[in-house]
Amino acid sequence: MKEISKQFDFKKRESEIYDLWEKSGFFNPDNIKSSKKYCNVLPPPNANGELHLGHACGYTVMDIFGRFERMNGKKVLLLPGKDHAGIQTQVVFERKIKEERGVSRHELGREKFYEDCYDFCQSRSGYMRSQEKRIGISADWSREKFTLDPDVLKIALETFVKLYKDGLVYKGKRIINWCPRCATALSDVEVIHKERQGKLYYIKYPIKDSKEFLTVATTRPETMLGDTAVAVNPKDKRFLSFIGQKLILPLQEKEISVIADRRIDMEFGTGAVKITPAHDPLDAKIGKDHKLEEIQVINEKAQITEEGGKYAGLDVLVAREQIVKDLKELDLIEKEEDLVNNISICERCKTPIEPLISDQWFVKVDDEKRSLKKEVLASIKAGKIDIYPENFKKILINWFANLEDWCISRQIWWGPQFPVWYRGEEIYVGLEAPKENKSKGAWIRDENTLDTWFTSGQWPYTTLGYAKGKDYKNFYPTDMMIMGRDILFFWATKMLLLGTYRTGKVPFKNLYFTGLLLDKDGKKFSKSKGNGIDPLEAIDEFGADALRLSLVMDIAPGQDARIYEEKIESFRNFVTKLWNIFRYCHQSSEDFRLVEKISKKDLKTLADKWIVSELEETALKTTQLMKEKNISLAQDVLRKFTWDSFAAWYVEINKLEKNTKVLGYVLDRILKMWHPFTPYVTEEIFSILNSGEKILMVSVWPKSEKRFISSDTKKNFADLVDLITSIRNIRSIYRIDPAQPLEVYCDKKIEKEIVEKLARVQIEKSRKFEKKKMIKISTSKRSVYLDIAKSIDIEKELENARKEIGELETLIAKNEGMLKNKNFVAGAPKEIVEATKSRIGEYQSKLKAKRDLEKDLEKL
RNA sequence: GGGCAAUUAGCUCAAUGGCUAGAGCAUCUCGUUUACACCGAGAGGGUUAUAGGUUCGAGUCCUAUAUUGCCCACCA
């Protein structure tokens, strides 16, 4: 027999086992014969990124479901891919070429920049792929896609063309979020808000032909250069007489009107607001309704434009200081207040956003002819997608209900260029430029680049080869989509929107959110804080199986969870436990092997019957929980069975009452049920026991043999456990030397060997001993007498016994009360009533035992 | 301002309206009994945030309140 180490050598074996899986070909669903299918298109990470814990957590969940479904006989497709991640990658690559080649992207030119960046992503994606594999994901790498692969991109761009033809995408001048550093427009979700200490300036606007002023409050005085009105709330009695009057805009010396708009908050500032339609989203709306002029005074470099007169060319912050200074000289600043306000910053580079009016492309989400947002809302409300956790449905509904048009044009180079061509006044939308007619001049392509989420938002069907691809026909709509709750608004919503539009179907039947992973103090992981856990280091130290468990156990979907080394370590310990259970089984007998089927006659002892009964119950519960997507509870049930029932009790008893067949049967089933969660260690054990001839990954998920489940057996075994525990308890309390087996007397039938070994006692079977001088430990069915009267504290024991008697009496009274209640008997399910009755029986026999003990103690 | 959650043992978290609310870690006591010290036995530790309500029955459902966190938003 081969020597087996005390721990699973994951460092050496993980990569070898992964190779074995890959070579088997079963990551590819084409190699599985079945009519049932399961598909999960994996979220594409940034092609030049690195695996972080968030990815690892997501992949673990995806792989657990994937492996579970595969073992249930389905053709499982976990389709991996990579994202080009527009703005983010452009920033990284620009920095890289600057450092390495000393060139800017402008020096390279758009075409060359794109080519080089493409090569960069291709070269880096292999690195990312190797990291993804280490977590053990059973994905079909032969189908791996990249968002800019020609076949994928073609389908995505066709969607744009179709949207254009349907009138659902349009180009228009609208106020957008502009990042001066990235030099691009951003969609609303790419902007985050942060509190900053700022100042609120109260500026006096002179009233025309009067010496009076109207004071407005603003945090951005520089925008006043573009003011075209001052607005007050029509309900505000203070300003009723001002409405319609003319003001003189200071510095610009222009006439502007006082208008009334109910969107003005009367409580804030002075109640009068300066309106700059070109540089504030609310002002833009008010301006539109009141037909105000839009004067652009800030440009795309966050500098004042020619419209700003003498301030032209200044950076906004410099202009702000200058304007405040000038106003002070004119005595037009009433006061300044400190104010904490929310400013918008770029999600990527944290630069303050400048709201600008700009010519951009938008997806119309609520068109009169076809409202995409209403279609998605209807699907969600109709329950076409199961969402985990369920309450995220409300978040989605709320978001879609308030959705505004989506800005999809970016002024960057890295990403798909718009499939739009111009020639003079003509516009053409299509995948390729129209055939040139030289006499009329050349077609010039639109410089804009599509938002990254426009392509990743189509991921479920572009990767499957919409609309004629075999995979599309087989696997769409997909079964499962799993993502971190932080990208819900970025990604889940876009997939629903575009998937519904293009395919007419929701892109996935189940949508599962993982929470965010936090450090031990509940803080977000961040590079600058240096509090991150590198998943690869964790795998090196504790093994991929341990990391997988720590990322999904005791964690509810959508809820944030803390993760830290000790936690991963405790799951590593579990993996070792599993390994040692195998080690015991393997060494217990020469002819030990895994057993797939067992019959009643193989169950010889109480312990045999009990462990199989527990096993079948566990299989039943675990399978049910997996189907309900409750992986955390499923593992909890499995863990309790594996460690508490099988390792702690059955294996110990098996040492006395050898039953190799039962051992082989239970091990076979727990290996299979653990496999989706801890694939490496289970595959390794399975491989050793089958001499490498079979693969656990494609073995069949156990079906519960309900005929072995017996509540009588359960009760009977629990009674034995109760007796052993009671003796252990006494031993521990009175510190009875473990080296000297305790003498115990017994006058009834009992599992002598088991009790002797597990409770470390020596049983004297006899009818003749002096019961009077002994302490009787009894349970419902078993009892022993301990000759320890001399060494125990009788008063204390009496007190304990009486306390427990009291507790039991209360319990019995409570349960009997329930049975006396007619409403309970009539209203509660029959099983509950029955359970209550049998519970009373148990309590009563325990009570009797305690009363006997009380009597014994009193006699002493 | 709107929305979503959370509040359970010292800490981190479970618990499908129904068994004496459970785990892991930490603490304390004891132990190497040949699968495992990455282990085993035992112990202590709870008014399930507060106040009401629904129900035969509530940690779980409802309504308030408090505290904390997250997301959205148009406080200039």
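On a predicted model such as this, the values are computed, not experimentally measured, just so you know. Below, read A as the first sequence line, B as the second, and so on, with proteins coming before strands; counting in each chain starts at 1.
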Can you check nucleotides 57-65 of chain B for protein contacts, nitrogen or oxygen pairs under 3.5 Å, and list what you find?
none

Given [options], which nucleotide is nearest the side-chain atoms of [X]?
X	options	result
Val273(A)	rA76(B), rA35(B), rC19(B)	rA76(B)
Ser570(A)	rU16(B), rC56(B), rC25(B)	rC25(B)
Ile264(A)	rA15(B), rA76(B), rC36(B)	rA76(B)
Ser732(A)	rG42(B), rA35(B), rU16(B)	rG42(B)
Lys577(A)	rU20(B), rA35(B), rG3(B)	rA35(B)
Arg639(A)	rU16(B), rA76(B), rA23(B)	rA23(B)
Trp643(A)	rG3(B), rG40(B), rU16(B)	rG40(B)
Gln7(A)	rC38(B), rA14(B), rG42(B)	rC38(B)
Arg572(A)	rA6(B), rA35(B), rC38(B)	rC38(B)
Leu808(A)	rG18(B), rU20(B), rA76(B)	rU20(B)

Answer yes when [X] and [Y] have at least one side-chain N-carboxylate O distance shorter than 4.0 Å, and no when they do not.
X	Y	answer
Asp289(A)	Lys285(A)	no
Lys204(A)	Glu334(A)	no
Lys837(A)	Glu834(A)	yes
Glu652(A)	Arg760(A)	no
Arg220(A)	Asp280(A)	no

Heavy atoms under 4.0 Å, any strand shown: does [X] hit a base, just sugar-phosphate, or nothing?
X	value
Lys757(A)	nothing
Gln624(A)	nothing
Lys393(A)	nothing
Thr725(A)	sugar-phosphate
Val216(A)	nothing
Ala828(A)	base
Asp636(A)	nothing
Ile555(A)	nothing
Leu633(A)	base
Ala231(A)	nothing
Pro389(A)	nothing

#### Entry: Interatomic distance where CG belongs to Asn573(A) and P belongs to rC25(B) [whole Å]
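From Asn573(A) CG to rC25(B) P: 7 Å.
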Mind listing the closest non-hydrogen atom pair of [X] and [Y] along with its distance?
X	Y	value
Val662(A)	Tyr650(A)	CG1-OH, 3.3 Å
Leu396(A)	Ile387(A)	CD1-CD1, 3.7 Å
Leu723(A)	Ile777(A)	CD1-O, 3.8 Å
Ala647(A)	Ile581(A)	CB-CD1, 3.8 Å

### Message
Both Phe582(A) and Leu518(A) contact RNA chain B. Taking the nearest nucleotide for each, which residue is further toward the 5' end?
### Response
Leu518(A)
### Task
Name the residue closer to the 5' end of RNA chain B, choosing between Asn815(A) and Phe574(A) according to the nucleotide with the nearest heavy atom.
Asn815(A)
Euclidean distance for [atom1], [N] against [M] (whole angstrom):
N	M	atom1	result
rU12(B)	rU7(B)	C1'	14 Å
rU55(B)	rG1(B)	C1'	37 Å
rU54(B)	rC11(B)	P	34 Å
rA15(B)	rG57(B)	P	25 Å
rU33(B)	rG44(B)	P	27 Å
rA26(B)	rC70(B)	C1'	29 Å
rC30(B)	rU68(B)	C1'	42 Å
rA35(B)	rG45(B)	P	35 Å

Would you say [X] places a side-chain N or O within less than 4.0 Å of OP1 or OP2 belonging to [N]?
X	N	value
Asn391(A)	rA5(B)	yes
Lys640(A)	rA23(B)	no
Arg562(A)	rU12(B)	yes
Asn729(A)	rA43(B)	yes
Tyr564(A)	rU12(B)	no

Would you say the base of [N] and the side-chain of [X] have a donor-acceptor pair closer than 3.5 Å?
X	N	answer
Gln635(A)	rA14(B)	no
Lys6(A)	rA35(B)	no
Glu566(A)	rC25(B)	no
Lys394(A)	rC4(B)	no

### Query
Can you find a pair of side-chain heavy atoms, one from Ile357(A) and one from His279(A), that are under 4.5 Å apart?
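They are not in side-chain contact.
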### Message
With heavy-atom distances below 4.5 Å as the criterion, would you say the side chains of Glu294(A) and Thr276(A) are in contact?
### Response
no
### Donor-acceptor pair between Asn630(A) and Tyr388(A) side chains, under 3.5 angstrom
no
Measure all distances between protein nitrogen or oxygen atoms and nitrogen or oxygen atoms of nucleotides 68-75 of chain B, and list the pairs falling under 3.5 Å.
residue: rC70(B); atom: O2'; partner: Arg485(A); partner atom: NH2; Å: 3.0
residue: rA73(B); atom: N6; partner: Asn342(A); partner atom: ND2; Å: 3.0

### Message
Could you check whether any side-chain N or O of Asp283(A) sits under 3.5 Å from a backbone N or O of Pro277(A), counting only pairs where one atom can act as donor and the other as acceptor?
### Response
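Flag not set: sc Asp283(A) to bb Pro277(A) has no pair under 3.5 Å.
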### Side-chain donor/acceptor of Arg572(A) to backbone N/O of Phe542(A), under 3.5 Å
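Flag not set: sc Arg572(A) to bb Phe542(A) has no pair under 3.5 Å.
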### Query
Regarding Lys335(A) and the six-membered ring of Tyr202(A), is the cationic atom NZ or CZ under 6.0 Å from the ring centre and inside 45° of its axis?
yes
### Message
Ring centres under 6.0 Å, that's the criterion: do Trp399(A) and Phe392(A) meet it?
### Response
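Here the rings of Phe392(A) and Trp399(A) have centres that are no less than 6.0 Å from each other.
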### Task
Any chance you could encode RNA chain B as dot-bracket? Rule is Watson-Crick or G-U wobble with both distances under 3.5 Å; [ ] for pairs crossing earlier ones, | for another strand.
(((((((..((((....[...)))).(((((.......))))).....(((((..]....))))))))))))....
